[in-house]
Amino acid sequence: MPELPEVETVCRGLRPVVTGQVIARVAVRRRDLRHPFPAGLKRHLESRRMMSITRRAKYILIHLDNGYVLVIHLGMSGRLVLYPASYKPKTHDHFILYLADGRQIVLNDARRFGLVDLVAVDDLDSHGLFSHLGPEPLSRNFSGAVLGRALAGRTAAIKQAIMDQRLVVGVGNIYASEALFQAGIDPQIPAGMLRPAQCAALAGSIKKVLQQAIKAGGSTLRDHRQATGEQGYFQHHFMVYDRAGAPCPRCSSGGCEQARIVRIIQGGRASFYCPACQK
DNA sequence: CCTTGAACCTGCGGGC
DNA sequence: TGCCCGCAGGTTCAAG
């Protein structure tokens with residue numbers, strides 16, 4: 001479900017609430033999600049102060065005052081929402097942090113592809129969850145040149161390549177299609193075939209679409225909620241994602257023949273693009 | 001190392 | 001109404 005903009009939106013919503021607050025109590029309502037919850041999870045969290053909240057790739061990182069970091073991944077269907085003290089747990093509410101004032105940070109994840117872990121802050125970079133991750137797309141470490149180097153020699157389709165978290169993090173199925181549309185690149189061409197100018201355009205469109213989506217609070221297809229419980233709004237700005245059969249926004253605006261958005265399957269995932277203007 | 005496909009799990013909408 | 005199928009924002013693992 002959540003790609004970088006959705007995770008970033010959750011972090012931004014939680015940050016003013018979480019920072020400086022003490023975790024009074026923790027409820028662990030089942031033994032595992034994708035992996036078993038770490039041993040001693042409650043013990044390491046209860047009575048600890050949350051010092052800051054950050055994001056790496058699609059992971060939410062809550063830094064504690066005991067040198068540990070609470071790591072949360074939302075998988076496909078996860079939500080992390082702040083509720084008032086009166087909230088009663090519902091189905092698929094697996095993990096709850098109760099603040100001193102009674103408010104609750106609730107992790108709900110119907111499909112349970114999400115993950116909760118506890119990592120010593122000094123071990124973050126070397127930890128198996130993070131050691132293989134590529135650059136943050138919104139940082140200066142990511143550029144057309146960096147992308148071009150990462151794509152060199154690869155035969156996989158460019159759509160699948162930019163979703164590979166080793167090359168660049170945060171891009172998932174929605175924003176891969178949207179970024180390729182903005183850059184005018186056919187999602188099926190082999191990654192290593194992109195020319196430098198195309199790499200520059202694609203790096204730029206990845207940054208742009210992720211930033212625009214963050215501004216809109218992410219995209220709510222079904223599960224995504226901001227930390228406030230509010231939906232995201234970027235789904236109303238999709239150019240191609242989930243728009244098979246619709247006229248291409250770029251070709252149509254030219255007043256020429258109306259090309260239509262096409263849906264194809266790549267690596268088992270749906271891709272959307274305009275065959276007329278994405279080459 | 002790279003690429004591909006399957007697996008993990010629940011819920012929802014469409015077709016019959 | 002009910003059942004079956006396909007589909008959904010991610011990651012990981014095995015096999016070629």
Side-chain angles (χ1 to χ4, degrees), chain A residues 1-11 29-36 55-60 71-81 90-94 107-117 127-134 137 149-179 187-193 206 209-210 212-214 216-226 231-238 240-245 263-272:
Chain A
M1 133 185 335
E3 305 180 34
L4 183 149
E6 290 73 36
V7 178
E8 179 64 26
T9 295
V10 170
C11 287
R29 295 166 51 79
R30 55 174 297 123
R31 51 190 298 278
D32 60 5
L33 293 179
R34 194 166 86 213
H35 302 302
R55 177 191 58 73
R56 171 73 173 115
K58 299 171 189 169
Y59 295 90
I60 297 164
V71 178
I72 297 175
H73 193 288
L74 299 177
M76 289 277 261
S77 57
R79 301 173 179 181
L80 196 60
V81 175
K90 297 191 167 57
T91 309
H92 306 311
D93 286 348
H94 305 308
L107 175 63
N108 178 289
D109 184 5
R111 297 178 71 182
R112 305 203 302 274
F113 290 168
L115 161 161
V116 172
D117 206 350
H127 191 279
L129 289 173
F130 306 102
S131 58
H132 66 286
L133 293 177
R149 243 171 278 141
L151 298 178
R154 298 204 173 235
T155 58
I158 185 60
K159 156 86 165 6
Q160 286 159 274
I162 58 174
M163 291 173 65
D164 185 336
Q165 305 295 298
R166 295 171 301 180
L167 306 195
V168 59
V169 302
V171 180
N173 204 41
I174 293 176
Y175 301 108
S177 279
E178 292 295 319
Q188 299 167 108
I189 65 177
M193 301 273 285
I206 288 171
V209 73
L210 294 179
Q212 289 172 332
I214 291 170
S219 303
T220 295
L221 270 48
R222 41 186 75 74
D223 298 302
H224 168 61
R225 292 296 181 281
Q226 306 188 32
Q231 298 195 4
Y233 298 95
F234 193 73
Q235 66 278 12
H236 303 303
H237 301 284
F238 290 166
V240 290
Y241 184 82
D242 205 19
R243 294 179 51 81
R263 178 184 186 273
I264 61 172
I265 300 295
Q266 295 184 279
R269 319 289 303 275
S271 300
F272 301 86

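Chain letters run A, B, ... following the sequence lines, proteins first, then strands; residues in each count from 1. As a basis for the values below, the full set of heavy atoms in this structure was taken, side chains included, without hydrogen atoms, waters or symmetry mates.
- Using a 4.0 Å heavy-atom criterion, one finds that A:Thr220 contacts the bases of the nucleic acid, with or without backbone contacts as well.
- At B:dC12, none of the side-chain N or O atoms of A:Arg222 fall inside 4.0 Å of OP1 or OP2 (strictly under the cut-off).
- The nucleotide whose nearest atom lies closest to any side-chain atom of A:Asn173 is, among C:dG10, B:dT3, B:dG11, C:dG10.
- Sequence order on DNA chain B of the closest nucleotides to A:Gly268 and A:Arg166 puts A:Arg166 first from the 5' end.
- Rounded to whole angstrom, the span from the CZ atom of A:Phe238 across to the P atom of C:dA8 amounts to 13 Å.
- Nearer to the 5' terminus of DNA chain C, by closest-nucleotide assignment, is the contact made by A:Arg111 (compared with the other of A:Gly128 and A:Arg111).
- Nearest to the side-chain atoms of A:Arg34 among the listed nucleotides B:dG11, B:dT4, C:dT11 stands C:dT11.
- Between A:His92 and B:dC9, a side-chain N or O to OP1/OP2 separation shorter than 4.0 Å is absent.
- Atom CE of A:Met163 is separated from atom P of C:dT12 by 13 Å (rounded to the nearest Å).
- The side chain of A:Arg263 lies closest to C:dA8 when the candidates are C:dG10, C:dA8, B:dT10.
- Going from atom CG of A:Leu74 over to atom P of C:dG10 covers 11 Å, rounded to whole Å.
- A heavy-atom distance below 4.5 Å is found between the side chains of A:Val240 and A:Glu178.
- With A:Leu74 as reference, A:Leu107 is the one residue of A:Asp109, A:Leu115, A:Leu107, A:Asn108 to meet the side-chain contact (heavy atoms from CB on, under 4.5 Å) rule.
- Between A:Ser77 and the phosphate of B:dT10, there is no side-chain N or O to OP1/OP2 separation shorter than 4.0 Å.
- Computed from coordinates, the A:Asp117 CG to C:dT11 P distance equals 15 Å when rounded to whole Å.
- Note on ring orientation: taking the six-membered ring where Trp is involved, the planes of A:Phe234 and A:Tyr175 are tilted (angle from 30° to 60°).
- For A:Lys58, the side-chain atoms get nearest to C:dT11 when compared with the rest of C:dA8, C:dT11, B:dC8.
- Considering only side-chain N and O atoms, A:His73 lies under 4.0 angstrom from the phosphate OP1 or OP2 of C:dT11.
- B:dC9: no Watson-Crick or G-U partner with both key distances under 3.5 Å is found in any strand.
- If you take CG of A:Leu115 and P of C:dC13, they are 12 Å apart, rounded to a whole angstrom.
- Between A:Asp32 and A:Arg34 no salt bridge is recorded (no basic side-chain N to carboxylate O distance below 4.0 Å).
- For A:Phe113 and B:dC8, the ring-to-base geometry satisfies the stacking test (centroid distance below 5.5 Å, interplanar angle below 30°).
- Looking at heavy atoms from C-beta onward, A:Gln188 lies in side-chain contact with A:Gln266 at the 4.5 angstrom threshold.
- Atoms NE2 (A:His127) and P (C:dT12) sit 11 Å apart, rounded to a whole Å.
- Closest to the A:Leu129 side chain, of the nucleotides B:dT3, C:dG10, C:dT12, is C:dT12.
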- Task: Assess whether side chain to side chain contact (heavy atoms under 4.5 Å, CB included) is satisfied between A:Ile72 and A:Leu80, documenting all intermediate values.
- Result: CA-CA 9 Å; A:Ile72 297 175; A:Leu80 196 60; 4.0 Å; yes
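- A:Gly172 comes within contact range of the sugar-phosphate backbone alone, with a heavy-atom separation under 4.0 Å but no base atom that close.
- Of the candidates B:dT3, C:dG10, B:dT10, C:dG10 carries the atom nearest the A:Arg269 side chain, counting heavy atoms from C-beta on.
- If you take CG of A:Asp109 and P of B:dT10, they are 11 Å apart, rounded to a whole angstrom.
- Of the candidate nucleotides B:dT10, C:dT11, C:dT12, C:dT12 has the atom nearest to the side chain of A:His132.
- Look at CZ on A:Arg79: it is 17 Å from C1' on C:dG10, rounded to the nearest Å.
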